[in-house]
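Single-structure report; data block below.
Bear in mind the structure is a predicted one, so any value in this text is a computation, not a measurement.
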Amino acid sequence: MTKVGARDAPTLLVSDLTVGLPPDGDRKFAVENASLAVMAGQTRCLVGESGSGKSVIGNAILGMLPDALPQLSGSVALHGENLPKQRDPAFNSIRSARIATIFQDASASLNPIKRIGKQLAEILQVHGFDASSHKDRIRDVLAAVRLDEPDRIMRAYPHQISGGQAQRVVIAGALLLKPSLLIADEPTTALDVTTQAGILKLIADLKKELGLAVLFVTHDFGVVAEIADHVSVMKDGVIVEHGAAADILTSPQHAYTQKLIAAAQPSAPDKPTTAAEELLQAQDINLVYRSGGLLNRQRTHAVRNVSLDIAKGQTLGLVGESGSGKSSLARALLRLEETDSGTIRYNGHDITHLAGPDLQRLRKSIQVVLQDPYSALNPRKLVRASIAEGPIIHGMPKKRAYARAEELLELTGLSSTAGQRYPHEFSGGQRQRICIARALALEPELLVADEAVSALDVSVQAQILKLFADMQNRFGFAMLFITHDLRVARAVCDDIIVMKSGEVLERGTVTSVFTHPSHDYTKALLAAAPTSDFLALRGK
C-alpha cells in the first residue's frame with residue numbers, strides 16, 4: 001500500500017471515485033466522483049435506493065469490482081495509505097484482517113454443512129494463525145457479540161440457530177482478526193424489529209469498545225437515526241448530500257433526501273368508511289406440526305386457540321416476529337394447512353374442511369401477494385401470461401384474460417406493453433406491482449399480503465402501500481396484512497393482532513394498539529422499531 005496521508009488520517013478515505021458501467025447501462029457511471037471519509041470510532045451511513053451505487057462503493061473499497069465495472073479514477077485509502085488496485089492479490093492480506101464485511105443475508109454467508117466453530121477457524125487458518133489457539137479465540141469473540149453458550153454455538157450448524165444468532169456469528173467472524181474498518185451492507189434488512197434492534201446496538205457498542213470505523217450501507221432512514229454519526233446520500237451513482245446525522249435527519253437539503261426521510265414515516269392513507277359486514281371468521285384455530293419418526297415424535301404448536309374476524313373492505317394486520325405463527329395461521333385460513341381444531345367461516349359458510357371443486361372456487365375469491373417478487377413470478381413466462389393464467393384456469397377466454405392483464409398493469413402503475421416483457425426486465429418494486437395485478441385478476445374479496453413490502457426499499461415500500469390502498473378503494477377487497485414491521489402496519493391497517501409463539505397477545509384498532517399498548521411484548525416491539533421521530537431521537 002502507498003502512504004498518502006498524515007498520522008491522524010481517517011480510517012477510510014474515498015476520494016473522487018468514479019466507476020464505469022457497460023455501454024448498455026442505464027447511465028454512464030455506476031459511481032461518479034464520490035468522496036467520503038470514516039473516522040475511527042464513528043459510523044457513516046451510506047444511504048440510497050437499490051441501484052444508487054452504494055454497494056459498488058463497498059466493492060471498490062474491498063478491491064472486488066468486476067471487469068464490467070472498471071474503476072476509472074479516484075482512490076481509496078486506509079489509514080492514509082492507498083489500497084492496491086482492484087482484484088490485486090495483495091487484498092488477500094487486507095480483507096478480514098484490516099477490512100471486514102457483513103452482508104444482509106447471514107444464512108448465505110455461512111456454509112450449511114459445516115459447524116460454526118469450523119467456519120470461524122477457517123478464517124484464522126487462512127491468515128496463518130496457529131490452530132492450537134483457535135478455540136479460545138473463537139469462544140471469546142462469540143461472547144463479545146453477546147452470544148450465550150459460545151461452546152454450543154461453535155458445535156451448531158447454521159440451521160440450528162436463529163436468524164439473529166446467525167448474523168451475530170457473521171459479525172464475530174468479521175471481528176476475529178481485529179479489523180479497523182467494518183463495512184456493514186444492509187445487515188438488518190431481513191431481520192425482525194427486536195432482532196434488528198439488538199444487532200444495531202451490538203454494532204454501536206462494538207464501535208465504541210474496539211474503536212472501529214463503520215461504513216453502514218442502508219436504504220432505511222429509521223436505521224440511520226439509530227446508528228449514524230455522519231450520513232452520505234446517494235442517487236444514481238452520485239453523492240447528493242452529506243453531513244452530520246443530526247443535520248441530515250432534521251434539516252435535509254436535497255429533495256431526494258427529503259423523499260427518503262418522508263418514506264421512512266409512512267402515513268395511513270385515507271380510506272372510505274365501510275359497513276362492518278363480516279367476510280372471514282376464525283374461531284379457536286389450533287395448528288400442530290409433527291416431525292420425527294415413531295420413536296422420536298416431535299410436536300410444534302404453531303397456532304394456539306387463535307380467533308379473528310375480517311370485515312369486508314377492511315385491513316387486519318397480523319404482527320409478530322419470525323416464528324410467531326403469523327404465516328402458519330395464514331396458511332390455515334387459506335386452507336393450505338389442515339387445522340387440528342377450530343372453525344373457519346367465509347361469507348357465513350363453514351370452509352374448515354372444504355375440498356375438491358368447492359375449494360377451487362374458494363381460491364378464486366382469496367388471493368395472495370408474497371414477500372419475494374423475484375421468486376413469485378415464473379421467469380420463463382411473459383408478464384401478461386402470468387397475470388392472465390388465473391382467469392384462464394377459472395374459465396375466462398384467453399383474449400379477454402389478456403385484455404384484463406393489460407388493464408391491470410395500467411391500474412397498478414405500469415404500461416400495458418409491460419405485459420410483453422419477462423420478469424427479469426423489471427425492478428423489485430415493479431415486480432411487486434405485477435404480483436398485485438396478478439392477484440387482482442380474479443377480482444378477489446380477500447387479499448392476503450404476506451410480508452409483501454419487507455424486501456423493498458423504503459421509498460418503494462411507500463409506493464406499494466399507496467397502491468394497496470388505491471386498489472382496495474377501487475375494488476373493495478378486504479386484506480389480511482402480515483408483517484413484522486410495525487411502521488408499515490400502522491400505515492396500512494385498520495385493526496391489528498399481535499402474535500407471539502402461536503398465540504394472540506393483543507388486538508385492537510391501530511390507534512389503540514400504538515398509543516395504548518397493553519401487553520409488554522407489544523411495548524417491546526414498539527420500543528425496538530427503528531424510530532421515525534428524528535427530532536425526538538436527537539433531543540432537539
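- Using cut-offs of 30° and 60° on the angle between ring planes, the pair His519 and Tyr521 is perpendicular.
- Under the rule for a salt bridge (Lys or Arg N to Asp or Glu O under 4.0 Å), the partners of Glu149 that lie at least two apart in sequence or sit in another chain are Arg152.
- No side-chain donor-acceptor contact under 3.5 Å links Arg155 to the backbone of Gly117.
- The existence of a salt bridge linking Glu209 and Arg146 is confirmed by a sub-4.0 Å separation between a basic side-chain nitrogen and an acidic carboxylate oxygen.
- Residue pairs that meet the salt bridge (charged side-chain N to carboxylate O under 4.0 Å, His left out) test with at least one member in residues 156-171, sequence neighbours left out, do not exist here.
- Listed for the Lys54 side chain is no donor-acceptor partner under 3.5 Å among the backbone atoms of Leu46.
- Proximity of a side-chain donor or acceptor of Glu451 to a complementary backbone N or O of His484 within less than 3.5 Å is detected.
- Between Leu142 and Ala172, the closest heavy-atom pair is CD2-CB, 3.9 Å.
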Given side chain to side chain donor-acceptor pair (under 3.5 Å), test Ser327 with Asp450 step by step and report yes or no. CA-CA 7 Å; Ser327 293; Asp450 192 353; 3.1 Å; yes

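- To the nearest 0.5 Å, the span separating CD1 on Ile138 from CG on Leu124 amounts to 5.5 Å.
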Would you tabulate the side-chain donor-acceptor contacts of residues 31-38 under 3.5 Å, counting partners in other chains and residues two or more places apart, or write 'none'?
unit_1	atom_1	unit_2	atom_2	d
Asn33	OD1	Thr18	OG1	3.2
Ser35	OG	Asp16	N	2.8
Ser35	OG	Asp16	OD1	3.4

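- At a threshold of 4.5 Å between non-hydrogen side-chain atoms, the residues Lys235 and Glu241 do not count as touching.
- Inspection of the Gln71 and Gln86 side chains reveals an N or O donor paired with an N or O acceptor under 3.5 Å.
- Atom CD1 of residue Ile239 and atom OG of residue Ser232 lie 4.5 Å apart, to the nearest 0.5 angstrom.
- A salt bridge (charged side-chain N to carboxylate O under 4.0 Å, His left out) check over residues 187-202, counting only residues at least two apart or in different chains, returns the pairs Lys201-Asp205.
- Side chain of Gln167 to backbone of Ile199: no donor-acceptor contact under 3.5 angstrom is found.
- Sorted by first then second residue, the salt bridge (charged side-chain N to carboxylate O under 4.0 Å, His left out) pairs that include residues 65-79, not counting sequence neighbours, are Asp67-Arg87.
- Interatomic distance, Ile116 CD1 to Ile161 CD1, rounded to the nearest 0.5 Å: 4.0 Å.
- Counting only heavy atoms from C-beta outward, the side chains of Val240 and Met234 never approach each other to under 4.5 Å.
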Please determine whether side chain to side chain contact (heavy atoms under 4.5 Å, CB included) holds for the pair Phe221 and Cys45, giving the CA-CA distance in whole Å, both sets of side-chain angles, and the decisive distance to 0.1 Å. CA-CA 9 Å; Phe221 262 101; Cys45 279; over 6 Å; no

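- Evaluation of the salt bridge (Lys or Arg N to Asp or Glu O under 4.0 Å) rule for Glu186 yields no partner, not counting sequence neighbours.
- The salt bridge (Lys or Arg N to Asp or Glu O under 4.0 Å) search around Lys207 returns Asp229, not counting sequence neighbours.
- Between the side chain of Arg137 and the backbone N or O of Leu176 there is at least one donor-acceptor pair closer than 3.5 Å.
- Judged as a salt bridge (charged side-chain N to carboxylate O under 4.0 Å, His left out), the pairs with a partner in residues 109-126 (not counting sequence neighbours) are, in order, Lys114-Glu122.
- Put simply, OG1 on Thr101 and CG on Leu182 are 7.5 Å apart, with the number rounded to the nearest 0.5 Å.
- A donor-acceptor pair under 3.5 Å links the side-chain atoms of Gln432 to the main chain of Ala452, judged by distance alone.
- Rounding to the nearest 0.5 Å places CG of Leu72 at 9.0 Å from CG of Leu17.
- Every side-chain hydrogen bond (donor to acceptor under 3.5 Å, both in side chains) that Ser427 has, sequence neighbours left out, goes to Gln430.
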Working note: Val231 + Arg44, criterion side chain to side chain contact (heavy atoms under 4.5 Å, CB included); need CA distance, chi angles, decisive distance, verdict. CA-CA 5 Å; Val231 179; Arg44 176 173 292 275; 5.8 Å; no

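- Not counting sequence neighbours, the partners of Ser454 by the side-chain hydrogen bond (donor to acceptor under 3.5 Å, both in side chains) test are Gln371.
- You'll find the side chain of Pro517 reaches within 4.5 Å of the side chain of Leu526, heavy atoms only.
- Side-chain N or O atoms of Thr218 include one that pairs as donor or acceptor with a backbone N or O of Asp220 at under 3.5 Å.
- Shown here for Ala90 and Pro84, the closest heavy-atom pair between the two residues is CB-CG, 3.8 Å.
- Shortest non-hydrogen contact noted between Ala174 and Ile102 is CB-CG2, 3.9 Å.
- Taking the ring centre of Tyr422 as origin, the terminal cationic atom of Arg380 falls outside the region bounded by 6.0 Å and 45° from the ring axis.
- Using cut-offs of 30° and 60° on the angle between ring planes, the pair Tyr256 and His254 is perpendicular.
- Here the CG-CD1 distance, from Leu12 to Ile183, works out to 7.0 Å after rounding to the nearest 0.5 Å.
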For side chain to side chain donor-acceptor pair (under 3.5 Å), just list the numbers for Ser50 and His219, CA-CA rounded to whole Å, side-chain angles, deciding distance to a tenth of an Å, and then say yes or no. CA-CA 8 Å; Ser50 296; His219 64 260; over 6 Å; no

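- The side-chain heavy atoms of Gln165 and Leu147, taken from C-beta on, include a pair separated by under 4.5 Å.
- At least one side-chain heavy atom of Pro187 sits less than 4.5 Å from a side-chain heavy atom of Phe216.
- In this structure the side chain of Ile227 reaches within 4.5 angstrom of the side chain of Ile203, judged on heavy atoms.
- Inter-residue side-chain proximity for His127 and Ser93 is flagged as unmet; no heavy-atom pair is nearer than 4.5 Å.
- With a 4.5 Å cut-off on side-chain heavy atoms, Leu318 and Thr483 do not count as touching.
- Closest approach of Pro373 and Gly428 over heavy atoms only: CG-O, 3.6 Å.
- Between the side chain of Glu81 and the backbone N or O of Leu78, no donor-acceptor pair lies under 3.5 Å.
- There is no side-chain donor-acceptor pair under 3.5 Å between Ser52 and Asp236.
- Applying the salt bridge (Lys or Arg N to Asp or Glu O under 4.0 Å) test to Arg139 and every residue at least two apart in sequence or in another chain returns Asp136, Asp151.
- Remark: the backbone N or O of Lys500 is not paired with any side-chain donor or acceptor of Glu503 at under 3.5 angstrom.
- The minimum heavy-atom distance linking Ala330 with Val448 is given by the pair CB-CG1, 4.5 Å.
- With sequence neighbours left out, the side-chain hydrogen bond (donor to acceptor under 3.5 Å, both in side chains) criterion links Gln119 to no other residue.
- Looking only at distances, no side-chain donor or acceptor of Asn59 sits under 3.5 Å from a matching main-chain atom of Leu65.
- At a cut-off of 3.5 Å, with distance as the only test, a side-chain donor of Ser55 or Asp185 sits close to an acceptor on the other residue.
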